[in-house]
Structures are given as C-alpha cells and as structure tokens.
Amino acid sequence: MGIAICVICMASFYSVIAGFVSGIFETRVRYTAISLSYQVCGAIAGGLTPLIGTMLASATTANGGRWRYSIH
C-alpha cells in the first residue's frame, strides 16, 4: 500500500514538472537543457548519497543508535 501511494505521488509530480520545465527553456535548447539539468542533479544526488549514508552510519554506530541511518 505504501509503494502504491508513493508511485501515485511521484506520478503526479512528474506530470506537472514536465510542463513546467519545458516552459522555462526556449525551443532550440529545450531538450539539451532539460537533459543536462536532469543528469547533473542525478549525479549530485546519486554521488552524495553513499557519502551521506556512510557518514550517518559512522556517527550513529559510535553513539549506539542507528535511527538516523534508517531515516536516510
């Protein structure tokens, strides 16, 4: 049930964001600009996630609790 709710929320977000982002860029650079912004955000978020997870795991293991790591 939780996954279904998450998928519905993500689908509603992506349906709105597509129209919004296409209106930001002019027509001749639209595809490149949207793709570049999507890929850069994915690289930053995807690249920092293991670092943040490792940092949280080492911080919470030293204090005896793992709840911060599980929230991330």
Side-chain angles (χ1 to χ4, degrees):
M1 181 71 170
I3 293 175
I5 292 171
C6 183
V7 167
I8 290 170
C9 291
M10 287 174 53
S12 64
F13 171 75
Y14 280 117
S15 65
V16 173
I17 201 73
F20 176 72
V21 172
S22 66
I24 293 174
F25 302 107
E26 62 184 68
T27 307
R28 67 181 187 86
V29 296
R30 184 174 295 160
Y31 185 80
T32 303
I34 292 172
S35 176
L36 184 65
S37 62
Y38 181 80
Q39 298 301 326
V40 168
C41 287
I44 291 171
L48 292 179
T49 300
L51 179 65
I52 293 170
T54 303
M55 210 167 61
L56 286 173
S58 66
T60 57
T61 304
N63 296 335
R66 294 181 186 231
W67 63 272
R68 286 184 224 150
Y69 184 67
S70 63
I71 290 174
H72 175 67

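Just so you know, residue 1 is the first one in the sequence shown, and it goes up from there.
Between Cys9 and Ser12 the shortest heavy-atom distance is O-OG, 2.8 Å. Between Gly46 and Pro50, the shortest heavy-atom distance links the atoms O-CD, 3.2 Å.
Each of Phe20 and Val40 belongs to its own hydrophobic cluster when Ile, Leu, Val, Met, Phe, Trp and Tyr are linked at side-chain heavy-atom distances under 4.5 angstrom. Met10 is not connected to Ile3 by any chain of hydrophobic side-chain contacts under 4.5 Å among Ile, Leu, Val, Met, Phe, Trp and Tyr, and they are in different clusters.
The side chain to side chain contact (heavy atoms under 4.5 Å, CB included) test applied to Val16 returns no partner, not counting sequence neighbours. The side chain to side chain contact (heavy atoms under 4.5 Å, CB included) check on Phe13 picks up Ile17, with sequence neighbours excluded. Applying the side chain to side chain contact (heavy atoms under 4.5 Å, CB included) test to Met1 and every residue at least two apart in sequence or in another chain returns Ile5.
In this structure, Ile8 stands alone, with no Ile, Leu, Val, Met, Phe, Trp or Tyr side-chain heavy atom under 4.5 Å from its own, directly or through other members.
One finds the CG atom of Leu48 at 9.5 Å from the CE atom of Met55 (value rounded to the nearest 0.5 Å).
Sorted by first and then second residue, the pairs that involve residues 7-29 and meet salt bridge (charged side-chain N to carboxylate O under 4.0 Å, His left out), not counting sequence neighbours, are Glu26-Arg28. Counting only residues at least two apart or in different chains, side-chain hydrogen bond (donor to acceptor under 3.5 Å, both in side chains) contacts with residues 29-47 are absent.
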